[in-house]
Amino acid sequence: MINAVVHADYSQKGAPIRVAFFDDRIEIENPGILLPGLTVEDMLQGVSKLRNRIIARVFRELDFVEQWGSGVPRIFKEAESLGLPEPKIIEVGMRVRVIVYLLESIKIGTNGLTTGRVESWLESWLESQIATKVIILLLKNDAGKAELASGLGHKTESEELNKQIKRLLELDYIEMTIPEKPKSSKQKYRLTTKGKAFLGKEARKDRE
């Protein structure tokens, strides 16, 4: 998804990024063919050409992009480590499609259960990104909700931020600086030993 957003050709009006779920695969498609001189083989070797430099820089500053050209090799490496079939990258008309295969096919019915599972998975993925970002922010300094919201790029404290703070407290990844007064206006949060260990684990995974 990050690759699709960063590399989409936004000059193609009415051509959105598409995500399609099938019983055996997930397809993510963005408008815009590969830039001249760039091949799929190049991408697998870590070669990258930026179509949207400002978007790419913002994603890099938010730590969603580790380094230029690392995304595609990581996708293939992770699929291999999970025992999944090798993903495919193909050009379809004026679009690029990335196909990620599932380990096992899921029978799609008409009762909406499969859709619910997909939505739940997406929600969990998005939540984990916010939670991880909160942990990273707290690594630098203790912070209150307003400071965390600002660090996430939000103008105000959101319901989702409150939900993730509550979740991190329950997991013992963070703790209150004034636990005896949970609703204090001066309340801040800090990382626990468990939270720091989690962050160290994620850093090791990135290096691997």
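- Screening Val134, Asp142, Leu138, Leu137 against Tyr189 for a side chain to side chain contact (heavy atoms under 4.5 Å, CB included) leaves a single residue, Leu138.
- Side-chain N/O atoms of Gln45 and Glu41 include no donor and acceptor closer than 3.5 Å.
- Hydrophobic cluster membership is shared by Leu139 and Leu171, with clusters built from Ile, Leu, Val, Met, Phe, Trp and Tyr side chains linked at under 4.5 angstrom.
- For Lys145 and Glu157, the salt-bridge test fails: no basic side-chain N is under 4.0 Å from an acidic carboxylate O.
- Annotation: side chain of Glu27 is in contact with side chain of Arg25 (closest heavy-atom distance under 4.5 Å).
- No donor-acceptor distance shorter than 3.5 angstrom exists from the side chain of Glu175 to the backbone of Leu169, with no hydrogens or angles considered.
- Nearest approach of Thr192 to Ile174, heavy atoms of both residues: CG2-C, 3.6 Å.
- Side-chain atoms of Thr177 come within 3.5 Å of backbone N or O of Lys188 as a donor-acceptor pair.
- Rounding to the nearest 0.5 Å gives a distance of 12.0 Å between CG of Leu82 and NZ of Lys77.
- Here Glu86 does not pair with Lys88 in a salt bridge; the nearest charged N to carboxylate O distance is not below 4.0 Å.
- Nearest approach of Gly93 to Ile33, heavy atoms of both residues: O-CG2, 3.4 Å.
- Val47 and Val6 fall into different hydrophobic clusters, defined by Ile, Leu, Val, Met, Phe, Trp and Tyr side-chain heavy atoms under 4.5 Å apart, directly or through other members.
- Counted within 6.0 Å of NZ on Lys194, heavy atoms from surrounding residues, nucleotides or ligands total more than 12; the atom is thus considered enclosed.
- Remark: the backbone N or O of Gly144 is paired with a side-chain donor or acceptor of Glu147 at under 3.5 angstrom.
- If you take CZ on Arg51 and OH on Tyr10, they are separated by 10.0 Å, rounding to the nearest 0.5 Å.
- Two different hydrophobic clusters hold Ile89 and Leu84 under the rule that ILVMFWY side chains link at heavy-atom gaps under 4.5 Å.
- Minimum interatomic distance between Ile75 and Pro87 (heavy atoms only, all atoms of both residues): CG2-CG, 4.2 Å.
- We find the CE-NE2 distance between Met43 and His7 to be 6.5 Å, quoted to the nearest 0.5 Å.
- Taking hydrophobic clusters as Ile, Leu, Val, Met, Phe, Trp and Tyr residues chained together by side-chain heavy-atom distances below 4.5 Å, Leu161 shares a cluster with Met176.
- The shortest distance between side-chain heavy atoms of Tyr173 and Ile135 falls below 4.5 Å.
- One finds the OG atom of Ser150 at 12.0 Å from the NZ atom of Lys155 (value rounded to the nearest 0.5 Å).
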Query raised in the report: Stepwise, does the side chain to side chain contact (heavy atoms under 4.5 Å, CB included) test hold for Leu34 with Glu91?
Result: CA-CA 8 Å; Leu34 299 180; Glu91 290 182 294; 3.8 Å; yes
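- Put simply, Ile17 and Ile55 are part of the same group of oily side chains (I, L, V, M, F, W, Y) that touch within less than 4.5 Å, one to the next.
- Closest approach of Ser184 to Ile178, counting heavy atoms only: OG-CD1, 4.0 Å.
- A donor-acceptor pair under 3.5 Å is absent between the side-chain atoms of Asn52 and the main chain of Ile54, judged by distance alone.
- Surrounding CD of Glu78 are at most 12 heavy atoms belonging to other residues, nucleotides or ligands under 6.0 Å away.
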Query raised in the report: Where do Glu61 and Arg57 land on the side chain to side chain contact (heavy atoms under 4.5 Å, CB included) test, with the steps shown first?
Result: CA-CA 6 Å; Glu61 291 176 354; Arg57 188 177 73 242; 3.8 Å; yes
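- The CG atom of Leu148 sits 11.5 Å away from atom CD1 of Ile130, with the distance rounded to the nearest 0.5 Å.
- For the residue pair Pro85 and Ala79, the shortest heavy atom distance occurs at O-CB, 4.3 Å.
- With Ile28 as reference, Met1 is the one residue of Arg97, Met1, Arg18 to meet the side chain to side chain contact (heavy atoms under 4.5 Å, CB included) rule.
- The minimum heavy-atom distance linking Gln12 with Pro31 is given by the pair OE1-CB, 3.7 Å.
- Rounded to the nearest 0.5 Å, atoms CD (Gln164) and NZ (Lys133) are 14.5 Å apart.
- The number of heavy-atom neighbours closer than 6.0 Å to CD of Glu170, taken from other residues, nucleotides and ligands shown, is above 12.
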